[in-house]
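Take a look at the structure below.
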Amino acid sequence: MDKKKAIRWAAICLSSFVAVVVIVPSILVKSNTRDPSSAGVLPPPSLQQSQLAEQPAFQIPVYMSKQKKVEMLLLEQYVRGVLAAEMPIEFELEAMKAQAIAARTYIIRRMIEQDSSNVPVVGAWVTDTVAHQAYVTNEDLKKRWGPEAYKANSDKLDHAVNETKDLILTYKDKPIQANFFSTSNGFTENSEDYWNEYIPYLRSVPSPWDIKLSPRYKETITVPFKDLQRKLGTTGVLPVSTNSSNGLKVLEMTQGHRIKKMVVGGKTFTGREVRERLGLNSSQFQWSWKGSDLQITTFGYGHGVGMSQWGANGMAKEGKTAEQIVKYYYTGIEIDRASNLVKK
């Protein structure tokens, strides 16, 4: 083979090698980002910390309840969809940033603990429902807002997510249980008063902003006498004074000014049990009888533990930052980066 032919042959071999180097990784990347439902439901991804550290854009497997399939979402894409679903777009930017940090903390904690509880299929860490965190797709947002509002609203979401990128809440170097809810009754609740579990950073704090701002602060509903008996499983409940042994009587209140224990028809319930069985907005409520119907007025909306969303918005309106908001509602926590945590 002469010198010119040798050079041409070497060039052909080199170009073929480069093509293989370029094309093969692209095939591998594409195969790793395919929809898990296309080949059956996949098991949860391995959470070796070294792998997470090498993949800052790691993905979240989310079970989409309407489509009944698992989709892989980038972390910040997931946080953006949760923020859009869980908090009104009209809220102040700093409140939205606080919510974004809480949402990111929630999923990072589940991933690190390999917690896929309450997910109906194998292969996902969370659902897109309030059983975990509500999530809405970008396509659904376009339909909801329309083309004119979408641009401004989308920019606001992007700001809240990008300005808090990678930030999470920690307590003793671990992601916290970043619970949040809509509206307080004027106070948040100690964790053990609702879930029977003491969590040091979920302490009761005043939240006066909700009272003036939230449309869900106060609501009155009517519960027919028969429904009251059926839902609480009681008999002999009479429309009489709360001091009657057959009536309703509060036995104990929580530090967050909600009902901790009460008696209905001679049977003892927690405030949470009554709230959930009767479908009440809050476990702080008052009542009165109107004939054989019970009229119940609730104060606040949600379980009351962690960050109040309307309270966060009130703080933001007063000029508080996202950092000040989360450190107020989550006692003694620190702000860290998910990328720092998974490298340890």
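Residue indices begin at 1 and follow the sequence shown. Only heavy atoms go into these numbers, but all of them, side chains included; no hydrogens, no water, no symmetry mates.
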Note to self: Please tell me whether Glu92 and Asn313 have a donor and an acceptor in their side chains that are separated by less than 3.5 angstrom.
What the structure shows: no
Notebook entry, point to check: Within the side chain of Arg104, is there an N or O that forms a donor-acceptor pair under 3.5 Å with the backbone of Leu167?
Noted result: yes
Note to self: Looking only at side-chain N and O atoms, does Ser207 offer a donor or acceptor that is under 3.5 Å from a partner on Asp210?
What the structure shows: yes
Margin query: Under a 3.5 Å cutoff, is there a donor and acceptor pairing between the side chains of Gln309 and Gln99?
Written below: yes
Check: How far does NZ of Lys260 sit from CG of Asp193, to the nearest 0.5 angstrom?
Finding: 4.5 Å
Check: Looking just at side-chain N and O atoms, do Tyr78 and Gln59 make a donor-acceptor pair shorter than 3.5 Å?
Finding: no
Check: So, Tyr194 versus Asn179: side-chain donor-acceptor pair below 3.5 Å or not?
Finding: no
Check: Side chains of Trp209 and Glu318: donor-acceptor distance under 3.5 Å anywhere?
Finding: yes
Note to self: Quick one about Tyr301 and Ser184 (side-chain donor to acceptor, distance below 3.5 Å, no hydrogens or angles considered), yes or no?
What the structure shows: no
Notebook entry, point to check: Between the side chains of Asn185 and Ser282, is a donor N or O closer than 3.5 angstrom to an acceptor N or O?
Noted result: no
Check: Mind checking whether Lys327 and Glu323 have side chains closer than 4.5 Å, heavy atoms only?
Finding: yes
Item checked: Thr188 side-chain N/O to Arg203 backbone N/O, donor-acceptor pair under 3.5 Å -> yes
Notebook entry, point to check: Out of curiosity, Arg272 CZ to Thr270 OG1, how far, rounded to the nearest 0.5 Å?
Noted result: 7.5 Å
